[in-house]
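One structure below.
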Amino acid sequence: MMSNLNAQSLKQIVYKDGAQKLNGLVTDQTTKSLPGVLILPAWKGADNEAKQAAIDLSKEGYVAFIADIYGEGNNPKDNSEAAKIAGKYKADHTAYQKRIDLALKELIKAGADPNRIAVIGYCFGGTGALEAARAQLSVVGVVSIHGGLAKDAARKNNPLKTKVLIEHPSEDESVKPEDISNLIIEMKEGNTDWQMITYANSKHTFTNPESPDYNKTMADRAWQHTLLFLKEILN
């Protein structure tokens, strides 16, 4: 992802969950019925990585929409606030799934073909990508990029109808070995089409150029893997 973030603008879309105002961002396409990609941002909300992804996906021929999971007035100021609010939605997965579903509806309103939609997510959003699959939302594929892979053991494994790509950094200290083994069991029991790619010498936020964990070689490979997956399932 090499293009200039300021070269194109993203349009704000206001939508709601009950009384809570949500502010999404959508790429400016004039062509309707394009394949769509919903972007679930990391735990601080719509950051530059999510915005750059939207712009780059637009150049690939997709309508991209960045979801607002937390809602207006709830943007975390630092990592501790982000951990607290992200933790709330990880614990209340039905609330997270609902916010994702609302964003999917806005993506369709923006012109995306409802039969050709995928979800990609970074970090906390990577957890959300898996939750979209678990909720059996109407998407053909999801990509979890350095996402949290753990699921509450009390939740049973259900069929997973959507295709799943997991992009996992090998040195991610936030993911335990048992999280991976449990996820593999979940994927198998869900009888889904899934794959996991592990990136060597990469810490948690390896795809984010603004992070000290950034690994450009592996980030570029991960982006190409994402594009390959999207091309296969959406075009």
Do V142 and I184 share a hydrophobic cluster, counting only Ile, Leu, Val, Met, Phe, Trp and Tyr and linking them when any side-chain heavy atoms are less than 4.5 Å apart? yes

With sequence neighbours excluded, tell me which residues meet ring pair (Phe, Tyr, Trp, His ring centres under 6.0 Å) with H225. Y199

Which salt bridge (charged side-chain N to carboxylate O under 4.0 Å, His left out) pairs, counting each pair once, include a residue from residues 63-73, with sequence neighbours left out? K21-E72

Output all residues satisfying ring pair (Phe, Tyr, Trp, His ring centres under 6.0 Å) with H204, sequence neighbours left out; order by chain, then residue number. H146

Write out all pairs satisfying salt bridge (charged side-chain N to carboxylate O under 4.0 Å, His left out) with one or both partners inside residues 113-125, taking only residues at least two apart or from two chains. D113-R116

Checking Y96 now: which residues fulfil ring pair (Phe, Tyr, Trp, His ring centres under 6.0 Å) with it, not counting sequence neighbours? F124

Which pairs with one or both residues in residues 171-193 pass ring pair (Phe, Tyr, Trp, His ring centres under 6.0 Å), sequence neighbours excluded? none

If only atom types and distance count, is the side chain of T27 paired as donor or acceptor with the main-chain N or O of A64 below 3.5 Å? yes

Do any pairs count as a ring pair (Phe, Tyr, Trp, His ring centres under 6.0 Å) and have a residue in residues 12-34, sequence neighbours left out, and if so which ones? Y15-F65

Can you sort out the partners of E210 under side chain to side chain contact (heavy atoms under 4.5 Å, CB included), two or more places apart, ordered by chain and number? N48, N208

Enumerate the residue pairs fulfilling side-chain hydrogen bond (donor to acceptor under 3.5 Å, both in side chains) with a member in residues 188-197, sequence neighbours excluded, ordered by first and then second residue. N157-E189

Write out all pairs satisfying side-chain hydrogen bond (donor to acceptor under 3.5 Å, both in side chains) with one or both partners inside residues 158-169, taking only residues at least two apart or from two chains. E167-T226

Salt bridge (charged side-chain N to carboxylate O under 4.0 Å, His left out) contacts touching residues 137-158 (sequence neighbours left out): E131-R155, K151-E186

Are the side chain of Q97 and the backbone N or O of L137 linked by a donor-acceptor pair below 3.5 Å? no

Not counting sequence neighbours, list each pair that qualifies as a salt bridge (charged side-chain N to carboxylate O under 4.0 Å, His left out) and has a residue in residues 77-102. D17-K98, D17-R99, D101-K105

Determine whether a donor-acceptor pair (N or O, by modelled atom type, separation under 3.5 Å) exists between the side chain of S202 and the backbone of A200. yes

Under 3.5 Å: donor-acceptor pair, side chain of S170, backbone of N201: yes

